[in-house]
Amino acid sequence: MRLQIPSMAMVNADVFRNPPPKASQPVVVFVRTGVHAAVKGCDMSEDGNKAARNASEEYRARMLKYRTAKDITHARLAPLLPCSESLIGAVERGTRLPTEPFTRQLEKALGLHGELLELLPPIRGLGPKWFRKWPAAEQAARSIRLYEVALIPGLLQTPDYARAIFQGEPGALPDEVDEDVKVRLQRQTILSRHTPPTLSLILDEGALWRKIGGQEVMRAQLANLLALMARPCITVRVVPLSSGSTAGLGGAFAIAETGDGTQIGYIESADTGEITHHTDMVRKLRERWELLSALAQPTYETEKIIRKVMES
């Protein structure tokens, strides 16, 4: 069974918090283990193309909706971007793909706040080929559960923190690092929607102490994490170092749930990657989540831990 990503028009659904999965729900597991991994287990091209088409159609629909709501013609819009009227028409008809600079200027002209930017990752197929399905799953998700053992997760990273991570990759080139940071920030726009997914993060305390990018970059990242925790849709809890050996030491993972109840698992480690349809994999991820949840400190204690690290 392939994952059925709903159309982008259905993304803005009501938020709910991690309902228990039903045994009859379809399950697809994404296994990520490395940046240059090949995809094994099934062909993602059909699903990837569908996600791209859905996102492209939604982009054009939103562009037309917001432009006409402002009563702005192509002729009036062109000098605001700036670009030609023909380019605006081509993007709105779908004969040209929107770029990030075009979209940012368009959002500025129309007074938007990420409504179009959030659609770019699936449209332009950003990121490694095997990874491109995950941003589409994030956008379709109504709830996302994350566990990270070594790093602040990508959805909550500052630009400087993300840049420091990408610069640490073997053979990293400046242009590639810049593009990777852009892709990561574009993924984060799902948290700025009017109805964002519920995001629940369990973080190993060791990730807080690892000074990625240096002390100032790390302090800014932790301050950003505290600010994000104030949002009602985001919950962060820390597994303290005193817990010793835990079920999460094997690596980071995520469980996303879409509006139709589809469960999507994502596992991260080092060098290889595959997609599997085995329901046992997602069941094991849920079991790991429950074990880690039992060890995690409540949010008010987590805030104290983060502030302690910032002051050290």
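Source: prediction; values computed, not measured.
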Consider only side-chain N and O atoms of T189 and R193, and report whether a donor and an acceptor are under 3.5 Å apart.
no
Between T195 and R142, a side-chain donor and acceptor under 3.5 Å
no
Quick one: which residue pairs count as a side-chain hydrogen bond (donor to acceptor under 3.5 Å, both in side chains) with a foot in residues 303-312, not counting sequence neighbours?
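As it turns out, there is no side-chain hydrogen bond (donor to acceptor under 3.5 Å, both in side chains) pair with a partner in residues 303-312 once direct neighbours are skipped.
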From CA spacing to verdict: salt bridge (Lys or Arg N to Asp or Glu O under 4.0 Å), E290, R286
CA-CA 6 Å; E290 293 303 324; R286 291 198 301 264; over 6 Å; no
Least distance between heavy atoms, [X] atom then [Y] atom:
X	Y	result
G248	L292	N-CD2, 3.6 Å
I144	I190	CD1-CD1, 4.2 Å
L116	L106	CD1-CD2, 3.5 Å
D71	R76	O-NH1, 2.7 Å
V91	P98	CG1-CB, 4.0 Å
P196	C233	CG-SG, 3.6 Å

Any [X] side-chain heavy atom under 4.5 Å of [Y] side chain:
X	Y	answer
D204	L241	yes
S293	R237	yes
E100	L117	yes
I306	V309	no
I202	V239	yes

As an exercise, state the distance from [atom1] of [X] to [atom2] of [Y], rounded to the nearest 0.5 Å.
X	Y	atom1	atom2	answer
I165	L151	CD1	CG	4.5 Å
L156	L191	CG	CG	6.5 Å
M63	L112	CE	CG	10.5 Å
L155	E148	CG	CD	10.0 Å
K211	L222	NZ	CG	9.0 Å
K284	I267	NZ	CD1	9.5 Å

Lys/Arg-Asp/Glu bridge criterion (N-O < 4.0 Å) met for [X], [Y]:
X	Y	value
D180	R163	no
E216	R219	yes
R62	E118	yes

Can you tell me if [X] uses its side chain to pair, donor with acceptor, with the backbone of [Y] under 3.5 Å?
X	Y	answer
Q188	Q186	no
R145	S200	no
E107	G114	yes
Q221	T158	yes
R96	L87	no
R67	I72	yes
T68	L64	yes

Could you tell me which residues satisfy side chain to side chain contact (heavy atoms under 4.5 Å, CB included) with S192, sequence neighbours excluded, listed by chain and number?
R231
Taking a hydrophobic cluster as the set of Ile, Leu, Val, Met, Phe, Trp and Tyr residues connected by side-chain heavy atoms closer than 4.5 Å, whether directly or through intermediates, do L249 and L291 fall within one such cluster?
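Shared cluster, no.
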Kindly write out the residues that satisfy ring-ring contact (aromatic ring centres under 6.0 Å, His included) with Y59, not counting sequence neighbours, or none if the list is empty.
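By the ring-ring contact (aromatic ring centres under 6.0 Å, His included) rule, Y59 matches no residue at all.
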Under the ring-ring contact (aromatic ring centres under 6.0 Å, His included) test, residues paired with Y147 that sit two or more places apart
F253
Tracing side-chain links under 4.5 Å among I, L, V, M, F, W and Y, which residues wind up in one group with Y300?
none
Report the hydrophobic cluster partners of F166, with the cluster defined as I, L, V, M, F, W, Y residues connected by side-chain heavy atoms closer than 4.5 angstrom, directly or transitively.
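In the cluster with F166 are V177, V181, L185.
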Start with the C-alpha gap between I152 and N224, add the side-chain angles, then the distance that decides, and say whether side-chain contact (heavy atoms from CB on, under 4.5 Å) holds.
CA-CA 11 Å; I152 308 300; N224 182 66; over 6 Å; no
Please check if atom NE2 in H74 has more than 12 non-hydrogen atoms from other residues, nucleotides or ligands closer than 6.0 Å.
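More than 12 within 6.0 Å, yes.
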Determine, stepwise, if the pair T299 / T235 fulfils side-chain contact (heavy atoms from CB on, under 4.5 Å).
CA-CA 7 Å; T299 54; T235 302; 3.7 Å; yes
